[in-house]
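Working notes, beginning with the structure itself.
Everything numeric in this text was worked out from a predicted model, so none of it was measured. Proteins get letters first, then strands, A, B, ... in listed order; numbering begins at 1 in each.
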Amino acid sequence: MDNTLPLLRKCGDMLALCDCNNFFVSCERLFRPDLEGRPVVVLSSNDGIVVSRSNEAKAMGIKMGEAYFKVRRFFEKRGGVAFSSNFQLYEEISDRVMAALRGRTPSMEVYSVDEAFLEVPPDARGRVEEWGREVRAAVLREAGIPVSVGLAPTKTAAKLAAERGKKRPETGGVFVLPPGGDWDDFLRDIPVEDVWGIGWRWSAYLRRRGVLTALRLRDASDDWLDRRLGVRGVRTAWELRGIRCFGVEEVDRAQKSIQSSRTFARPVRDREAMAEAVTEFALVAGRRLRSQGSLAGSVAVSISTSRFRAPFYGAAAETPLEAPTDSDIVLARAATGAMNSIFREGLDYEKAHVLLGRLSPADSVQLTLFGGGDERGSALSRTSDRINAAVGRKLLMPALLMGEKEWRPRRSRHSGTRLEDLGSLPEVRAHEEGRPPREQPTLPEAPVSTSPGSPTC
DNA sequence: TCTGGGGTCCTAGGACCC
DNA sequence: TCTGGGGTCCTAGGACCC
């Protein structure tokens, strides 16, 4: 493991963090321009907790991660609208946002579904703020999503700059921390827990020792940071000093593990239902495994009862695979086997989790003594992927998983919107009297044109 | 009655070898 | 028989992120 720090050198080059504002809510509003200005939230699976909030919902005091049942009455009484999450839609819109960004930088790292780091192109170095505004306008125009842009020499500083751009309307969504500049006043205003890389645990620790702000963290000694927080803490402090420790990593490396898990809509008591669920999660993970061209070397399963009810039971088991594989049949069998080894009768299970580990590239298979690989199962899985992709839904699946399943999550507030589905597009009425409204053939230009929420463009 | 899902990295400690 | 130090590799658990 490389624990060394890069050479001590202030970085003159600038990078940008482009962060979509209230991303899931913004996606839903693309298709519901009538919700502009109204409080909107998007909920997690099972409509359990709030995972994205419009500014109006934030202003009402709705917290991130709050259980929706606790605030539902209050929220809906005041005109709030809630959606179940629609990840397929968010991923498709994310692709459009990233495409809009890609053309404007020599190098970029897609950091999450709603964030990307961009290297500022050489020809924009003398005018980074203007370039940031161009990027922001382009994403709004081409993908319909409002973003905040933070510009700074380091990722950690760019995160803080973007946050400032998002929170202060007078910035117009773009904020710059110049290289070699004096950031003291800026950092003094930032609570230490708002710094990227300082989580709940570390911030509590730092606060107890009087490190309350980003400024104090920046000025802490390396030795102290290394002893207390380890190398990650040191790197974070250096980044606040303007020294780049985390680069923009363009290549999207294959994931090292793939997991699939769900909280059940209703508690699962019997082994057969648990086997169904674990099989389904193994297949979901298997499809993603094949789509990134990897093979799994192990399958781990964990199951648990509710954390909010005693007695709690949680257990995990891992099945190593004889040979790395991407065959659904082998993955599902291994997952079910692992589950059976930890399943205890008579409990109300709330959740199950399947994790594919020890991934390796499919094109460099290590041969084993016994041949091992399930070639036919692998081919069958790939064929089924292609057919399901072609029809746009799960046409092929094991009989075991067909029909309604009580444990499948609820999504009662799902918008059902999909980008390929013209029927889900909003209608935009033409201005001329007496002429029928035309259906809009393309997205996302159409809904954007009806949206009043983009004053800066 | 109702509390998400999917990742990465770092570190400490044990096993094993010389 | 007993004792020792140093190195590598692996893993579980903890911390962080969105």
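- Where Gln255(A) and Ala265(A) meet DNA chain B, the nucleotide closest to each residue was compared, and Ala265(A) sits on the side nearer the 5' end.
- One distance of note links OG of Ser360(A) with CG of Leu295(A); it measures 4.5 Å at 0.5 Å rounding.
- Using a 4.0 Å heavy-atom cutoff across all strands shown, Val195(A) reaches sugar-phosphate atoms only and no base atom.
- No cation-pi contact links Lys351(A) to Phe264(A), judged by a cut-off of 6.0 Å to the six-membered ring centre and 45° from its axis.
- Using a 4.0 Å heavy-atom criterion, one finds that Ser85(A) contacts no nucleic acid atom at all.
- Contact annotation: Arg266(A) does not reach the phosphate of dC2(B) (side-chain N/O to OP1 or OP2, under 4.0 Å).
- The terminal axes of the helix from dG5(B)-dC18(C) to dC18(B)-dG5(C), fitted over 5 pairs per end, subtend an angle of 10° to the nearest 10°.
- One interatomic measurement links the two molecules: NZ of Lys256(A) to P of dC16(C), which rounds to 20 Å at whole-angstrom precision.
- Regarding contacts with the backbone of dT11(B), every side-chain N or O of Arg227(A) stays at 4.0 angstrom or more from both OP1 and OP2.
- Both the sub-6.0 Å distance and the 45° axial angle are satisfied by Arg209(A) relative to the ring of Tyr205(A).
- Using a 4.5 Å heavy-atom cutoff, the side chains of Lys58(A) and Asn22(A) are in contact.
- At dC9(B), none of the side-chain N or O atoms of Arg232(A) fall inside 4.0 Å of OP1 or OP2 (strictly under the cut-off).
- Remark: Ser261(A) is not in phosphate contact with dG4(B), judged by side-chain N or O atoms under 4.0 Å from OP1 or OP2.
- In this structure, the nucleotide among dC18(C), dT11(B), dG6(B) sitting nearest to the side chain of Val231(A) is dT11(B).
- When rounded to the nearest whole Å, the span between CD of Glu109(A) and P of dC18(C) equals 13 Å.
- For Ser44(A) and dG5(B), the shortest distance from a side-chain N or O to OP1 or OP2 is not below 4.0 Å.
- Here Thr263(A) reaches the OP1 or OP2 of dG5(B): one of its side-chain N or O atoms lies under 4.0 Å away.
- Rounded to whole Å, atom P of dT1(B) lies 8 Å from atom CZ of Arg309(A).
- Nearest to the side-chain atoms of Arg201(A) among the listed nucleotides dG6(B), dC18(C), dC16(C) stands dC16(C).
- Just one of Glu119(A), Glu142(A), Glu134(A) meets the salt bridge (charged side-chain N to carboxylate O under 4.0 Å, His left out) condition when paired with Arg104(A); it is Glu142(A).
- At least one cation-pi condition fails for Arg413(A) and Phe83(A): the charged atom is not both under 6.0 angstrom from the six-membered ring centre and inside a 45 degree cone around its axis.
- Using a 4.0 Å heavy-atom distance criterion, Lys351(A) is classed as a sugar-phosphate-only contact.
- Among the atoms of the strands shown, none is found under 4.0 Å from any heavy atom of Leu43(A).
- Looking at heavy-atom distances under 4.0 Å, Asp114(A) makes contact with sugar-phosphate atoms alone, never a base.
- The distance from atom OH of Tyr111(A) to atom C1' of dG6(B) is 13 Å, rounded to the nearest whole Å.
- Atom name C1', nucleotides dG4(C) and dC17(B): the rounded distance is 14 Å, in whole Å.
- Contact annotation: Lys159(A) side-chain N/O to dC17(C) OP1/OP2 distance is not under 4.0 Å.
- Both Val51(A) and Asp226(A) lie close to DNA chain B; mapped to their nearest nucleotides by heavy-atom distance, the more 5′-ward contact belongs to Val51(A).
- Protein atom CG of Leu206(A) is 13 Å distant from nucleotide atom P of dA15(C), rounded to whole Å.
- In this model, the phosphate group of dG7(B) is approached by a side-chain N or O of Arg288(A) to a distance below 4.0 Å at OP1 or OP2.
- The nucleotide whose nearest atom lies closest to any side-chain atom of Ser45(A) is, among dG5(B), dC18(C), dC16(C), dG5(B).
- Stacking between Phe308(A) and dT3(B) is present: the aromatic ring centre lies within less than 5.5 angstrom of the base six-membered ring centre, and the two planes differ by under 30 degrees.
- Under the side-chain contact (heavy atoms from CB on, under 4.5 Å) criterion, Ser44(A) pairs with Ile49(A), Val51(A), sequence neighbours left out.
- Aromatic ring orientation, Tyr111(A) versus Trp196(A): perpendicular (interplanar angle above 60°, classes split at 30° and 60°).
- To the nearest angstrom, P of dT11(B) lies 13 Å from CG of Leu225(A).
- Applying the 4.0 Å criterion to OP1 and OP2 of dG4(B), one finds that Arg307(A) has a side-chain N or O inside that range.
- Contact annotation: Arg253(A) side-chain N/O to dC9(B) OP1/OP2 distance is under 4.0 Å.
- For the side-chain contact (heavy atoms from CB on, under 4.5 Å) test with Asp328(A), the passing option among Arg382(A), Arg290(A), Arg287(A) is Arg290(A); the others fail.
- Distance, Phe87(A) CZ to dG4(B) C1': 8 Å, rounded to whole Å.
- Under 4.0 angstrom from either OP1 or OP2 of dG6(B) there lies no side-chain N or O belonging to Gln259(A).
- Less than 6.0 angstrom separates the ring centroid of Tyr349(A) from the ring centroid of Phe343(A).
- Counting non-hydrogen atoms under 4.0 angstrom, Leu229(A) reaches nothing in the nucleic acid.
- Ile49(A) places its CD1 atom 10 Å from the P atom of dT3(B), with the value rounded to the nearest Å.
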